[in-house]
*Asks:* 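My questions all concern the structure below.
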Amino acid sequence: MRLRDKVALITGAARGIGLVTAQRFAEEGARLMLGDIDSDAGQAAALRVSDSALKAGSPAPTPTVLFERLDVTDRASVEAFVATAQGHFGKIDILINNAGITADAQLLKMTEDQWQRVLDVNLKGVFLCTQAVAPVMIAQGKGKIVNASSVVALYGNFGQSNYVATKAGLIGMTKVWARELGRKGICVNAVAPGFIETEMVGTIPEKIINRLLEHTPLGRMGKPQEVAHAYVFLASDESDFINGTVLSVDGGLVI
Ligand code: NAP
């Protein structure tokens, strides 16, 4: 129960790493506010999260899991989401900025629409969510914010000018906020997952995946659970003196 009674907000929680992270957090005793642009999948995810915590034999009372439709690119939607969480739980201990999209194309073929859509979700979305949650955490004098960067921020990736720009930008923002918010008792860190078995990776051509696996010392893709474990650590009190760091969860790909 490493997150007992903590209140965590997770964006993009309807599927993939966000959903598995929500399940792990619930098993660790957290109360959860889940957000995603897809309402139906998000509602279903909230039920699955409650179920998996109960099946795991969580000694906590039935974990409270709320879902609200959230578009991280829309300030009004973000503010409403944060207000619901604060109104219901009375505090916010953890923000996991997980929502992210890809829209891949090589430089010469990338449209401005592809460029802008990815920047809006992956970069502006994290800015808006953090800006909305930070005042709550500042008032509490404590909080944990974890941003979903990527191995490609450190390594580059063919056909992902937009996505790599956002994931590298997130590392910069993480360090700025670690400085600005650290003095208020808030730790801001990032995870940089390698290639993880989710729908997002299903869009990458097999040839490129095979090449990346050849360069991964552990010789395999990661599992969403393995990223979720890193989130649990960076969200828990165990990481109270870790601030402004980027934790690679990539099987050694960037060595
Ligand atoms: P995923 O399966 O595609 O899940 C992302 C979720 O975010 C989806 O449910 C998506 O909804 C939602 N979302 C999209 N736009 C949104 C918006 N405007 N507001 C709120 N939610 C929105 O992705 P994943 O593979 O789990 O990745 C999660 C995070 O980890 C992302 O930030 C990703 O960049 C990062 N990451 C993933 C990998 C990997 O290998 N999978 C590696 C490194 C980093 P829709 O599906 O309806 O769009």
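When a ligand or atom number is given, it counts from 1 through the structure's own listing order.
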*Asks:* Considering only the protein, which heavy-atom contact is closest to atom 11 (O) of ligand 1, and what is its distance?
*Replies:* D36 OD1, 3.3 Å
*Asks:* Considering the heavy atoms of G100, write down every atom of ligand 1 situated less than 4.0 Å from one of them.
*Replies:*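 Taking each heavy atom of G100 in turn, ligand 1 has 5 (C), 31 (C), 32 (O) under 4.0 Å.
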*Asks:* Judged by atom type as modelled, is there a donor-acceptor pair below 3.5 Å linking the side chain of T216 to the main-chain atoms of G219?
*Replies:* no
*Asks:* Any non-hydrogen atom of M221 lying under 4.0 Å from ligand 1?
*Replies:*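 It does not, in that no heavy atom of M221 comes within the 4.0 Å cut-off of ligand 1.
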*Asks:* Taking the non-hydrogen atoms of A41, is any one of them nearer than 4.0 angstrom to ligand 1?
*Replies:*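 So A41 does not count as touching ligand 1.
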*Asks:* Which value, rounded to the nearest 0.5 Å, describes the distance between I209 atom CD1 and I204 atom CD1?
*Replies:* 4.5 Å
*Asks:* Short question: side chain of D36, backbone of A41 - any donor-acceptor pair under 3.5 Å?
*Replies:*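 A pair under 3.5 Å: no.
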*Asks:* Counting only nitrogen or oxygen atoms and a 3.5 angstrom limit, does N98 reach ligand 1?
*Replies:* yes
*Asks:* Is it the case that the side chain of S239 and the backbone of S236 share a donor-acceptor pair, with hydrogens and angles ignored and the cut-off at 3.5 Å?
*Replies:* yes
*Asks:* Among protein heavy atoms, which lies nearest atom 48 (O) of ligand 1, and at what distance?
*Replies:*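 In this structure, atom 48 (O) of ligand 1 has I37 CG2, 4.3 Å as its nearest protein heavy atom.
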*Asks:* Are M173 and T130 close enough that some pair of their side-chain heavy atoms sits under 4.5 Å apart?
*Replies:*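 No - every pair of side-chain heavy atoms lies 4.5 Å or more apart.
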*Asks:* Of all the non-hydrogen atoms in the protein, which one sits nearest to atom 1 (P) of ligand 1, and at what distance?
*Replies:*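 Nearest protein contact, heavy atoms only, for atom 1 (P) of ligand 1 is R15 CG, 4.1 Å.
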*Asks:* Just to check, does G194 reach to within less than 4.0 Å of ligand 1 when the distance is taken from its heavy atoms?
*Replies:* yes
